[in-house]
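Structure record follows, encoded as structure tokens.
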Number of protein chains: 2
Amino acid sequence: MPRVQDARDNRTDPSGTTAKPRSRRLPRQVRERQILDAAVKVFAKYGYHEAAMDEISDVAGISKPMIYAYLGAKDELFVACIRREANRLIESISQAVDTDLKPDEQLWRGLHAFFEYVNDNRDSWTVLHRQASVQGQPFTSELSEWRDRAMDMVAELLARAGGSSEQPVQLEQMQPFAAALVGAGESMLDWWADHPEYTADALSMRLMNLVWMGFGDMVQGRRWKPS
Amino acid sequence: MPRVQDARDNRTDPSGTTAKPRSRRLPRQVRERQILDAAVKVFAKYGYHEAAMDEISDVAGISKPMIYAYLGAKDELFVACIRREANRLIESISQAVDTDLKPDEQLWRGLHAFFEYVNDNRDSWTVLHRQASVQGQPFTSELSEWRDRAMDMVAELLARAGGSSEQPVQLEQMQPFAAALVGAGESMLDWWADHPEYTADALSMRLMNLVWMGFGDMVQGRRWKPS
DNA sequence: TCCATTACCTACTCACGAGTAAGACTACTC
DNA sequence: GAGTAGTCTTACTCGTGAGTAGGTAATGGA
């Protein structure tokens, strides 16, 4: 007769097949990080709706009520993910951009940092980008907010590039261009996923050429190069 | 005592509050169109998962089993929407592009047609674009397929623009640029939703300037104009 | 060694929504 | 006017998964 009663205690699991032996009694802070890590992974894999809280708790190596206790309901958890990952991404990019550099160089550094971050943090990016659609209201604002922040950063960068001290460019004027640029980057990233033979370097260089030189110049063989 | 028994017959509904008096016994073809119209509307409003079959049937003015009888399960219905709307969009654009024109002019017409289509068919566009994320497997292929078709169209256009008859450009080379361009358009469109004061004309012109002249040129005051 | 606190669990409930069974009604044909 | 094909409905089932009730057990301080 197979062990029926109480075979659930993974501390004594003899098979070694249990995915993650749960470490016991860790401080809240540590657990919260583990939960967020797991949530990002699972949300990236399935998207918000298909992601099951049960799976997140599994991956985190903890039971479901802990998630609710520490980070709240599913949508709150999702918002927490967005917040953390958005901050990380924006942080990475703004660190790469030195405002003392020439405008084109700034743009180049920014783009490059963007591509590198995404390359190194696929799940993070997927959660931020692939989920932008979920329109179920509660966290929609949170999602568009991070996007706006990113957009503003780019718009500012473009405004610095386009204006002089005598004749500054309206930040607003730059907004549609910023939108286009961010979207172009995102889309190229998607395309990259199916063509991994390219490097982050090569792709960000192409994007830089497209937005800085324009296709008209490129057709004639002119290229942008980092100084 | 309020009417409890059999108050459901909307043919005799006296209140006038019934949303849509159901027209009765229409041929299959007509119903299918109505269902697809309703589905596009509801999918656009809520996204795939949040959209309820019950609501679609309501909006279509028909009962739920009819949807299953005519167009199959939810995912099949969704695929049918994607297919129809993608065809309409691509049709619109390719009609606008006359391959006899100069390459930049072709590009301009294409962009313009794109912006106009989306302006006139918000729901259609939303379903195609905002849902690209849903990774739940069944119809993912359908979704990426239409995107690939769009991308190929653009890549071809760019290849024609960039190559000469002696030295043709590899279609493949154009792919990352096509991706960037499509993404830029999509993103600008999103931005547009929050800034309706712009016209389709103004925005497509900006995008054209960005991708054809490049930001470097634009900073110096050079602009692209339609001939 | 007792108590309070904090970490942690199993085993539920309960709503929602996809999908269906079973048949009614209409219109057309022969 | 009986049969048949196609339209259309109500009223269900039933799985799934978010969220919770109600506890146990480890830890650290008094």
Side-chain angles (χ1 to χ4, degrees), chain A residues 4-13 18 20-35 38-39 42-43 46-79 134 136-139, chain B residues 4-13 18 20-35 38-39 42-43 45-79 134 136 138-139:
Chain A
V4 171
Q5 59 139 18
D6 217 23
R8 62 187 147 72
D9 189 332
N10 53 16
R11 280 168 297 176
T12 60
D13 176 288
T18 300
K20 245 185 198 178
R22 300 189 172 175
S23 50
R24 299 179 80 31
R25 288 193 85 72
L26 297 176
R28 175 166 183 158
Q29 228 191 343
V30 175
R31 284 296 190 209
E32 285 189 353
R33 257 204 41 206
Q34 291 179 338
I35 293 171
V42 175
F43 282 135
Y46 299 104
Y48 177 75
H49 282 284
E50 300 296 274
M53 294 297 272
D54 283 299
E55 177 157 1
I56 294 174
S57 73
D58 259 22
V59 172
I62 204 172
S63 74
K64 203 164 43 150
M66 293 305 297
I67 302 182
Y68 286 87
Y70 285 168
L71 290 159
K74 192 181 186 183
D75 55 344
E76 297 172 271
L77 175 61
F78 188 65
V79 167
V134 191
Q137 286 157 354
F139 42 73
Chain B
V4 171
Q5 60 136 17
D6 215 22
R8 63 188 147 70
D9 190 331
N10 53 16
R11 280 169 297 177
T12 60
D13 176 286
T18 300
K20 244 186 198 177
R22 300 190 171 176
S23 50
R24 296 171 92 24
R25 289 193 84 72
L26 296 175
R28 175 167 186 157
Q29 228 191 343
V30 176
R31 283 296 189 209
E32 286 190 352
R33 258 205 42 207
Q34 291 179 336
I35 293 170
V42 176
F43 281 135
K45 191 167 171 194
Y46 299 103
Y48 178 75
H49 283 285
E50 299 297 274
M53 293 298 272
D54 282 298
E55 177 156 1
I56 294 174
S57 73
D58 259 22
V59 172
I62 203 171
S63 72
K64 203 165 44 152
M66 292 307 296
I67 302 183
Y68 286 88
Y70 285 169
L71 290 160
K74 192 180 186 185
D75 56 345
E76 297 172 273
L77 174 62
F78 188 66
V79 167
V134 191
F139 41 74

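Every heavy atom of this structure was used, including side-chain atoms; hydrogens, water molecules and symmetry mates were not. Keep in mind that this is a model prediction, so the values were computed, not measured. We name chains A, B, ... by the order of the sequence lines, and we start the count at 1 in each one.
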Side chain of [X] - closest among [options]:
{"X": "B:Lys74", "options": "C:dG19, D:dG19, D:dC8", "result": "C:dG19"}
{"X": "A:Arg25", "options": "D:dA26, D:dA18, C:dA18", "result": "D:dA26"}
{"X": "A:Arg28", "options": "C:dA7, D:dT9, C:dT10", "result": "C:dA7"}
{"X": "B:Met66", "options": "D:dA18, D:dT9, C:dG19", "result": "D:dT9"}
{"X": "B:Lys64", "options": "C:dG19, C:dA21, D:dT20", "result": "C:dG19"}

Below 30° counts as parallel, above 60° as perpendicular, anything between as tilted: where do the rings of A:Phe43 and A:Tyr48 land?
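The arrangement is parallel - the two ring planes meet at less than 30°.
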Can you measure [X] atom [atom1] to [N] atom [atom2] for me and round it to whole angstrom units?
{"X": "A:Asp54", "N": "C:dT13", "atom1": "CG", "atom2": "P", "result": "16 Å"}
{"X": "B:Glu55", "N": "C:dC16", "atom1": "CD", "atom2": "C1'", "result": "14 Å"}
{"X": "A:Met53", "N": "D:dT20", "atom1": "CE", "atom2": "P", "result": "10 Å"}
{"X": "B:Leu77", "N": "C:dG19", "atom1": "CG", "atom2": "P", "result": "10 Å"}
{"X": "B:Ile62", "N": "D:dT7", "atom1": "CD1", "atom2": "P", "result": "10 Å"}
{"X": "B:Leu26", "N": "D:dT9", "atom1": "CG", "atom2": "P", "result": "10 Å"}
{"X": "B:His49", "N": "C:dC16", "atom1": "NE2", "atom2": "P", "result": "18 Å"}
{"X": "B:Tyr46", "N": "C:dG17", "atom1": "OH", "atom2": "P", "result": "11 Å"}

Got a second to check how far [X]'s [atom1] is from [Y]'s [atom2], nearest 0.5 Å?
{"X": "A:Glu32", "Y": "A:Leu77", "atom1": "CD", "atom2": "CG", "value": "10.5 Å"}
{"X": "A:Ile56", "Y": "A:Lys74", "atom1": "CD1", "atom2": "NZ", "value": "7.0 Å"}
{"X": "A:His49", "Y": "A:Phe78", "atom1": "NE2", "atom2": "CZ", "value": "9.0 Å"}

Within less than 4.0 Å of OP1 or OP2 of D:dT7, is there a side-chain N or O belonging to B:Arg31?
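The answer is no; no side-chain N or O of B:Arg31 sits under 4.0 Å from OP1 or OP2.
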Verify the contact: side-chain N or O of A:Tyr70 to OP1 or OP2 of C:dA7, cut-off strictly under 4.0 Å; return yes or no.
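For C:dA7, OP1 or OP2 has a side-chain N or O of A:Tyr70 closer than 4.0 Å.
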Partner residues of A:Lys64 under the side chain to side chain contact (heavy atoms under 4.5 Å, CB included) criterion, sequence neighbours left out:
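If we apply the side chain to side chain contact (heavy atoms under 4.5 Å, CB included) test to A:Lys64, skipping adjacent residues, the hits are A:Met53, A:Asp54, A:Ser57, A:Tyr68.
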Would the distance check show the side chain of B:Glu76 and the main-chain N or O of B:Ala73 forming a donor-acceptor pair, the cut-off being under 3.5 Å?
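Between the backbone of B:Ala73 and the side chain of B:Glu76 there is a qualifying donor-acceptor contact (under 3.5 Å).
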For A:Ala69, report the nucleic acid contact type (base, sugar-phosphate, nothing); a contact means any heavy atom under 4.0 Å.
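Since no nucleic acid heavy atom lies under 4.0 Å of A:Ala69, the category is nothing.
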B:Arg28, CZ: over 12 other non-hydrogen atoms inside 6.0 angstrom:
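Counting other residues, nucleotides and ligands, CZ of B:Arg28 exceeds 12 neighbours.
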What is the bend of the helix from C:dT1-D:dA30 to C:dC30-D:dG1 when you compare the axis at one end with the axis at the other, using five pairs each and rounding to 10°?
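Nearest ten degrees gives 10° for this helix.
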